[in-house]
Amino acid sequence: MTYWLIKSEPTDYSIDDLAKAGTEPWDGIRNYQARNMIRDTMAIGDQALFYHSSCKVPGIVGLAKIASDAYPDPTQFDRNARHYDPKSDKNTPRWLLRDIAFVRKLSRIITLQELKQQDSLSDCRLNQRGNRLSVFPVEPAHWRLILNLE
DNA sequence: GCCAACGTTGGC
DNA sequence: GCCAACGTTGGC
């Protein structure tokens, strides 16, 4: 059982989109470190903080949970997809994904600015420099701390 | 295997 | 739109 943080650009896919869909294949991850965690460490039922990035107010906006095992991301073979990967072979797909399910929206956005002000979260990956991974594990203590800010 | 060039992420 | 901090690619 691992807690996660997953990022999404709200203009691309927001927490409201997930709320409407209920469950959604979490596609487009094209980073080996992220791929390995999706494949090896994630488990069905794991919970995740849903984070909005590259937007006016970056921050945590909701909760989701992992809803499937890992399987090949179909968008890697789609010539017209944004994350098409011509070098990925259908017999040994390079990129995997999992379905994620909507749990709930937070009552308010817990902003990145706020999270940065928490001394106890200074060793959370979110607050470390050059943090560009779109998915990473969150310590249980950090998880509780973050949700207590809600 | 090194490393420069290039591409991407994401806050600001 | 800028730029820091990566990750990836490809020549050698």
Side-chain angles (χ1 to χ4, degrees), chain A residues 2-21 24-42 46-66 70-139 141-150:
Chain A
T2 311
Y3 291 114
W4 301 93
L5 183 143
I6 59 180
K7 293 182 188 172
S8 184
E9 300 183 21
T11 50
D12 204 37
Y13 199 85
S14 73
I15 188 70
D16 290 319
D17 293 325
L18 183 62
K20 258 178 259 169
E24 186 79 14
W26 196 245
D27 62 27
I29 303 294
R30 298 291 182 270
N31 172 288
Y32 288 107
Q33 241 184 302
R35 192 274 316 267
N36 293 346
M37 288 192 283
I38 288 169
R39 184 188 59 198
D40 305 329
T41 318
M42 270 187 174
D46 281 0
Q47 292 206 87
L49 301 165
F50 196 100
Y51 177 88
H52 280 174
S53 67
S54 297
C55 57
K56 199 165 181 184
V57 185
I60 293 160
V61 291
L63 298 181
K65 66 181 174 187
I66 309 308
Y71 61 95
D73 181 343
T75 65
Q76 69 195 298
F77 304 119
D78 179 357
R79 236 166 249 285
N80 299 315
R82 180 171 155 199
H83 298 288
Y84 172 60
D85 183 353
K87 291 182 193 161
S88 185
D89 173 25
K90 281 212 167 175
N91 296 317
T92 53
R94 199 182 270 197
W95 307 112
L96 302 174
L97 60 73
R98 285 176 185 258
D99 295 343
I100 60 163
F102 178 74
V103 173
R104 69 177 178 92
K105 275 181 80 166
L106 299 193
S107 55
R108 65 181 191 88
I109 300 182
I110 300 174
T111 65
L112 179 61
Q113 189 192 17
E114 236 179 298
L115 293 164
K116 279 183 169 169
Q117 285 165 2
Q118 303 293 320
D119 290 341
S120 42
L121 290 175
S122 60
D123 57 341
C124 179
R125 203 151 189 169
L126 191 64
N127 284 335
Q128 284 164 5
R129 76 194 174 106
N131 154 48
R132 300 191 318 158
L133 268 185
S134 49
V135 53
F136 54 83
V138 174
E139 296 293 321
H142 291 162
W143 174 276
R144 285 190 293 274
L145 242 144
I146 290 167
L147 287 180
N148 278 338
L149 296 174
E150 187 182 359

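Below, read A as the first sequence line, B as the second, and so on, with proteins coming before strands; counting in each chain starts at 1. All heavy atoms count here, side chains included; hydrogens, waters and symmetry mates do not.
Residue contacts for A/Lys116: at a heavy-atom cut-off of 4.0 Å it reaches the sugar-phosphate backbone alone, with no base atom in range. As judged by a 4.0 angstrom heavy-atom cut-off over every strand, A/Gln33 is placed among residues touching the sugar-phosphate backbone only.
Residue-to-nucleotide proximity on DNA chain B shows that, of A/Arg132 and A/Ser53, the 5′-proximal contact is made by A/Arg132.
Between A/Trp4 and A/Val138 the shortest side-chain heavy-atom distance does not fall below 4.5 Å. Side-chain contact between A/Arg94 and A/Arg30 is absent, with no heavy-atom pair separated by less than 4.5 Å.
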Distance-only check: which donor-acceptor pairs under 3.5 Å involve side-chain atoms of residues 47-64 of chain A, not counting sequence neighbours?
residue, atom, partner, partner atom, Å
A/His52, NE2, A/Ile15, N, 3.1

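Where DNA chain B meets chain A (any atom under 4.0 Å from a heavy atom), the bounding nucleotides read 5' to 3' are B/dG7 to B/dC12.
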Show your reasoning for whether side chain to side chain donor-acceptor pair (under 3.5 Å) applies to A/Asp78 and A/His83.
-> CA-CA 8 Å; A/Asp78 179 357; A/His83 298 288; over 6 Å; no
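The side chain to side chain contact (heavy atoms under 4.5 Å, CB included) test with A/Arg35 is passed by exactly one of A/Gln33, A/Met37, A/Arg39: A/Arg39.
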